[in-house]
Amino acid sequence: MLDLRWVVENRAAVEEMLAARGASLDLSQGDPWALDAERRALLQKVEQLRHRQRVCGEEIARRGRAREDAGGLKAEMKGVSDEIKTLENRLAEVEEAIRRALLVIPNLPDASVPRGRDASANVEVRRVGAPPRFDFKPRPHFELGPELGIVDFERAAKISGARFAVQTGAGARLERALVDFMLDLHTRERGYTEVVPPYLVTPDTMLRTGQLPKFEGDLFKTRTGDRDLYLIPTAEVPLTALHGDEILEASDLPKHYVSFTPCFRSEAGSYGKDVRGLIRLHQFHKVELVKLTTPETSMAELESMVGDAEEVLRRLGLAYRVVLLCTGDMGFNSAKTYDLEVWLPGQDAYREISSCSTCSDFQARRGSLRYRAEAKAKPRFVHTLNGSGLAVGRTLVAILENYQQADGSVVVPEVLRPYMGGLERITKG
RNA sequence: GGAGAGGUGGCCGAGUGGUUGAAGGCGCCGGUCUUGAAAACCGGAGUACCGCAAGGUACCGCAGGUUCGAAUCCUGUCCUCUCCGCCA
């Protein structure tokens, strides 16, 4: 959420920003600028009346003690009381309308983000590693996996429907090895604190981190009795919300968290995209990095977070590129996003395997995550950052496709072998 | 699922419906004293919003209600804790 005061004073900038993102202002709740003017007028009137109410209340008390008559004053104050109620009701309506309007305005892109309407305007920052060469035609993972008997889409469809997968034997083991490898790297070498968060969160949490109210359709929702809970689409949600409503000390920052969690996405609107294989599922695993930082350090922290995610790819020996997303391709919460795209021989293309963003103070304002720079300073909003480190399923895809052999077997990358009981190669049977 | 207890400022903990943003204690910050520290004493110290300012308003889990006036009374709701049952 953007700061109301800033929005009110910078109408042109808001509209310009929305245009850069290929969005436009949602006026269904009313014009925020007009609403704010009404809000201020109401507030002043209400506060003035309440002041009067208090002062007169004291006078009534005094007369009571002095055994003087206060009947007339009481009657008059009854009218004031009613007027306050009326004005307050309207004020609540206006404030709610402003809030709803603000909640669907996306974050302001950082000045360093290239302008553009879609992915074609993204900027490749660097390529690392060379795609492997094969003396045979490399095959897609959705053929390799089932043939090796380690991935099963048909049985998954039988028990859960489309967009699910079952992993068995070495396929399951490889998933777990990747998770352990990533967690060990981030916790032992990169200083992240591991967290096991809830996978079900309240609607309020989803609102605070920006998934709601706009993206309800992307989420899985549960209802038990009259209680609604959402399955997390990423650990970013619980981790970012962790310090909601808190005022941290400067010495508490930065916070570096890492979580391994399942992620659940309805993938509404992605019909026909990546329908085969492990690329786009309703359920997948992700090792997620989340940072809470000061505004001054968030950009540097974003760069280092990208480096942390890259390190996973480097050690796995996978070729990738780093892409800076343009204004039109960024997510709702983000002020600046780098995607990591891994080379997939089966698709003959680079595909997203990580997305690292700084959300500046956007989520922090929604969730009230603040810190005090100095002992008596006013609280300021922290900056929140999140990035995949990495999407586990897609990493498994990359390994199958990049390490495949002519006979259909898959060599286990060196760094994963200790996590695979020394297994060097995944073969049929 | 059943039974009970409770939610007040960073923490603990008072609070007869009327200067209570809220006693007291601890912790914290500044000062006095001290070579320094401790102790003692004095003072300070929440968050947000409106206002050019002076200043004002709100917040005692949350939402309503009663009242001229609610932290205090009433209703609902959420959460926490204890015991029983069930369960990994």
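Here is how names work: the chains are called A, B, and so on, in the same order as the sequence lines, proteins then strands, and each is numbered from 1.
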With rounding to the closest Å, how many angstrom separate the [atom1] atoms on [N] and [M]?
N	M	atom1	value
B/C73	B/U16	C1'	13 Å
B/U82	B/G44	C1'	41 Å
B/G21	B/U57	P	10 Å
B/G46	B/G30	P	16 Å
B/G9	B/U66	C1'	28 Å
B/G69	B/C12	C1'	31 Å
B/C11	B/G27	C1'	7 Å
B/U19	B/G31	P	36 Å

Output field: ring centroids A/Tyr199/A/Phe264 closer than 6.0 Å = no

ask   = Between A/Phe142 and A/Phe153, is the ring centre distance below 6.0 Å?
value = no

Which pair of heavy atoms, one from [X] and one from [Y], lies closest together, and at what distance?
X	Y	answer
A/Ser388	A/Ala391	CB-N, 4.0 Å
A/Lys286	A/Cys263	CB-SG, 3.6 Å
A/Gly408	A/Leu148	O-CD2, 3.5 Å

Please determine, for [N], whether a Watson-Crick or G-U wobble partner exists with both distances under 3.5 Å, and give it or none.
N	value
B/C86	none
B/G4	B/C81
B/A40	B/U32
B/A22	none
B/C59	B/G46
B/A54	none
B/A71	none

Check every atom of [options] against the side chain of [X] and return the nucleotide holding the closest atom.
X	options	answer
A/Glu58	B/U57, B/C68, B/U19	B/U19
A/Arg40	B/G51, B/G18, B/G56	B/G51
A/Arg39	B/C49, B/C68, B/C79	B/C49
A/Ser81	B/U47, B/C50, B/G69	B/G69
A/Ile60	B/A48, B/U57, B/C68	B/C68
A/Gln44	B/G46, B/U57, B/G51	B/G51
A/Arg227	B/C50, B/G46, B/C79	B/C79

Give [X] one of three labels, base, sugar-phosphate or nothing, depending on what nucleic acid heavy atoms sit under 4.0 Å from its own.
X	value
A/Gln48	nothing
A/Arg372	sugar-phosphate
A/Arg52	nothing

Within this structure, what is the [atom1]-to-[atom2] distance between [X] and [N], rounded to whole angstrom?
X	N	atom1	atom2	value
A/Leu35	B/C50	CG	P	15 Å
A/Ile84	B/A58	CD1	C1'	12 Å
A/Arg50	B/C49	CZ	P	16 Å

Using a cut-off of strictly less than 4.0 Å, decide whether [X] has a side-chain nitrogen or oxygen near OP1 or OP2 of [N].
X	N	value
A/His51	B/G56	no
A/Lys85	B/U66	yes
A/Arg54	B/U57	yes
A/Arg62	B/G18	no
A/Arg5	B/C49	no

ask   = Mind checking whether A/His243 and A/Tyr257 have parallel, tilted or perpendicular rings, split at 30° and 60°?
value = parallel

ask   = So which one's nearest nucleotide on RNA chain B is more toward 5', A/Met77 or A/Glu88?
value = A/Glu88

key: Nearest-nucleotide 5' precedence on RNA chain B, A/Pro379 against A/Val55   = A/Pro379

query = Should A/Ser298 and A/Leu385 be marked as a side chain to side chain contact (heavy atoms under 4.5 Å, CB included) after you check the CA-CA gap, both sets of side-chain angles, and the distance that decides it?
reply = CA-CA 8 Å; A/Ser298 69; A/Leu385 291 76; 4.1 Å; yes

query = Could you walk me through whether A/Ser251 and A/Glu249 pass the side-chain hydrogen bond (donor to acceptor under 3.5 Å, both in side chains) check?
reply = CA-CA 5 Å; A/Ser251 58; A/Glu249 299 300 323; 5.7 Å; no

